[in-house]
Amino acid sequence: MHKMQVAACLALLAAFAGVRAANAGALEEGAERYRPYLIEGVASALTGARALRERAAAADLPGAKKAWLSARAGWERSEVFTAGFVPELDAQIDAWPNADSGFHAIEAKLFGAASTDVATDATGLVEHLNDLHGKLKDIKLTPQGLLDGTVRLAYEVGESKADGGESRISGTSLDDMRNNIAGIDFAYHTIFSAALNTVDGKLDEMVTNRIEQLEAIVATPDLPHVNIADLRQTSEELVVALQSASAKLGLQRPTLEAQAR
């Protein structure tokens with residue numbers, strides 16, 4: 001009887017190891033499927049930044065603002081990746097709340113001071129985005145780093161961006177959150193959902209449900225109509241669900257601090 005129990009335990013361990021190995025392979029494949037989305041988002045940001053530099057040089061304030069908004073949308077869709085993998089470029093491109101470079105330094109001049117005197121900052125933004133875009137085909141996209149980024153961004157949506165948001169001067173904080181959530185949705189369902197569903201379908205359903213709730217909460221005409229309490233609670237529930245999913249996916253439990261992976 002003892003030998004049978006040992007054999008059963010070994011069989012279970014072997015099966016568990018097999019599931020983890022299969023999940024690891026699926027997650028790696030998912031990370032590669034995420035890469036084109038990431039490249040497209042950063043390329044969109046780079047195109048917008050180049051147009052911003054051109055319009056600002058022509059003293060075209062409305063055109064420069066429009067280009068800034070376009071660049072911003074591409075960047076916000078990519079934030080699952082940026083802080084965890086390229087923190088030094090992230091700090092140069094999207095420094096906040098200390099808006100001394102990148103998007104927010106330009107935002108303050110365009111939208112706050114109604115000035116197109118942003119040549120130096122716009123050139124820096126183009127250079128940094130171009131540098132990042134050039135790295136994306138070869139950079140190692142780890143499932144751990146992408147899960148860390150998904151969790152960090154989910155938390156940031158509910159906590160850091162709720163009260164007036166990140167882009168207060170331009171008034172685009174609601175769009176920031178929408179694009180962030182779109183990035184979270186794409187990353188989760190491209191990389192993690194199928195693997196989690198094989199081991200815990202209910203938890204996969206919970207994560208999907210919380211993402212859908214966030215999407216519904218920010219589907220309002222303007223930021224004042226966002227239910228901040230619901231946003232924070234749903235964000236926190238999504239973070240907890242994703243942290244719980246990590247062990248089932250064979251990954252480390254994500255923290256809320258950005259760190260390179």
Side-chain angles (χ1 to χ4, degrees), residues 37-136 149 152-184 186-187 218 222-223 258:
Y37 175 89
L38 170 62
I39 292 173
E40 186 279 328
V42 175
S44 176
L46 177 57
T47 298
R50 286 172 172 159
L52 160 64
R53 181 175 60 180
E54 177 186 306
R55 290 296 85 213
D60 176 7
L61 182 61
K65 287 181 176 180
K66 182 178 179 181
W68 185 92
L69 294 172
S70 175
R72 186 78 182 149
W75 178 258
E76 292 295 298
R77 291 196 302 272
S78 308
E79 282 202 306
V80 161
F81 162 85
T82 54
F85 288 85
V86 286
E88 69 292 340
L89 279 172
D90 181 68
Q92 292 168 324
I93 292 168
D94 196 28
W96 184 77
N98 299 317
D100 54 0
S101 65
F103 277 112
H104 296 299
I106 297 170
E107 178 192 15
K109 292 178 181 177
L110 290 181
F111 295 89
S115 169
T116 55
D117 183 17
V118 297
T120 300
D121 289 319
T123 295
L125 181 61
V126 169
E127 289 176 353
H128 292 136
L129 284 169
N130 190 57
D131 185 12
L132 174 58
H133 189 255
K135 298 176 186 291
L136 294 181
R152 186 194 63 80
L153 189 58
Y155 177 79
E156 186 177 307
V157 165
E159 295 298 321
S160 302
K161 297 190 176 181
D163 294 334
E166 181 178 346
S167 303
R168 301 180 185 217
I169 301 173
S170 62
T172 60
S173 293
L174 183 57
D175 284 335
D176 285 354
M177 289 190 287
R178 288 171 177 163
N179 286 313
N180 283 163
I181 296 167
I184 290 168
F186 188 88
V218 299
D222 51 43
L223 193 63

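Computation of the quantities below employed the complete heavy-atom set of this structure, encompassing side-chain atoms and omitting hydrogens, waters and symmetry-equivalent molecules.
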May I ask you to decide if Glu76's main-chain N or O and Asn180's side chain share a donor-acceptor pair within less than 3.5 Å? yes
To the nearest 0.5 Å, tell me how far Asp176 CG sits from Phe103 CZ. 9.5 Å
Taking C-beta and beyond as the side chain, do Thr116 and Lys109 meet within less than 4.5 Å on heavy atoms? no
How long is the span from the CZ atom in Phe85 to the OG atom in Ser78, to the nearest 0.5 Å? 12.5 Å
Side-chain donor-acceptor pair present, Asn179, Arg72, cut-off under 3.5 Å: no
Test side-chain contact (heavy atoms from CB on, under 4.5 Å) on Arg50 and Leu129; report intermediate values, then the result. CA-CA 10 Å; Arg50 286 172 172 159; Leu129 284 169; over 6 Å; no
Looking at Phe111 and Trp68, what are the two nearest heavy atoms and their distance? CE1-CE3, 3.6 Å
Which residues pass the salt bridge (charged side-chain N to carboxylate O under 4.0 Å, His left out) test with Asp90, not counting sequence neighbours? none
If every non-hydrogen atom of Ala64 is compared with every non-hydrogen atom of Arg55, which pair is closest and at what distance? N-CB, 3.5 Å
I need the minimum non-hydrogen distance between Asp121 and Ala105, along with the two atoms involved. OD2-CB, 4.1 Å
So Asp94 and Thr82, do their side chains get closer than 4.5 Å, heavy atoms only? no
In chain order, what residues pass the side chain to side chain contact (heavy atoms under 4.5 Å, CB included) check against Ala187, with sequence neighbours excluded? Tyr34, Val80, Thr150, Ile191
Would you please name every residue forming a side chain to side chain contact (heavy atoms under 4.5 Å, CB included) with Thr120, sequence neighbours left out? none
Measure the CD-CD distance between Glu127 and Gln92 for me, rounded to the nearest 0.5 Å. 10.0 Å
Would you please name every residue forming a side chain to side chain contact (heavy atoms under 4.5 Å, CB included) with Lys66, sequence neighbours left out? none
Gap between atom CD1 of Ile106 and atom OG of Ser101 - 0.5 Å precision: 9.0 Å
Begin from the C-alpha positions of Leu223 and Met177 and carry the test side-chain contact (heavy atoms from CB on, under 4.5 Å) through to its verdict. CA-CA 10 Å; Leu223 193 63; Met177 289 190 287; 3.2 Å; yes
Residues in salt bridge (charged side-chain N to carboxylate O under 4.0 Å, His left out) contact with Asp117, at least two apart in sequence or another chain: none
Spacing of Leu89 atom CG and His133 atom NE2 [to the nearest 0.5 Å]: 13.5 Å
Using 0.5 Å steps for rounding, measure from the NE2 atom of His104 to the CG atom of Leu125. 11.0 Å
What pairs of donor and acceptor atoms, side-chain ones from residues 37-49 against any protein atom, are under 3.5 angstrom apart with sequence neighbours left out?
residue : atom : partner : partner atom : Å
Thr47   : OG1  : Ala43   : O            : 3.0

If every non-hydrogen atom of Ala56 is compared with every non-hydrogen atom of Val118, which pair is closest and at what distance? CB-CG2, 3.5 Å
Any donor-acceptor pair under 3.5 Å linking the side chain of Ser115 with the backbone of Leu110? no
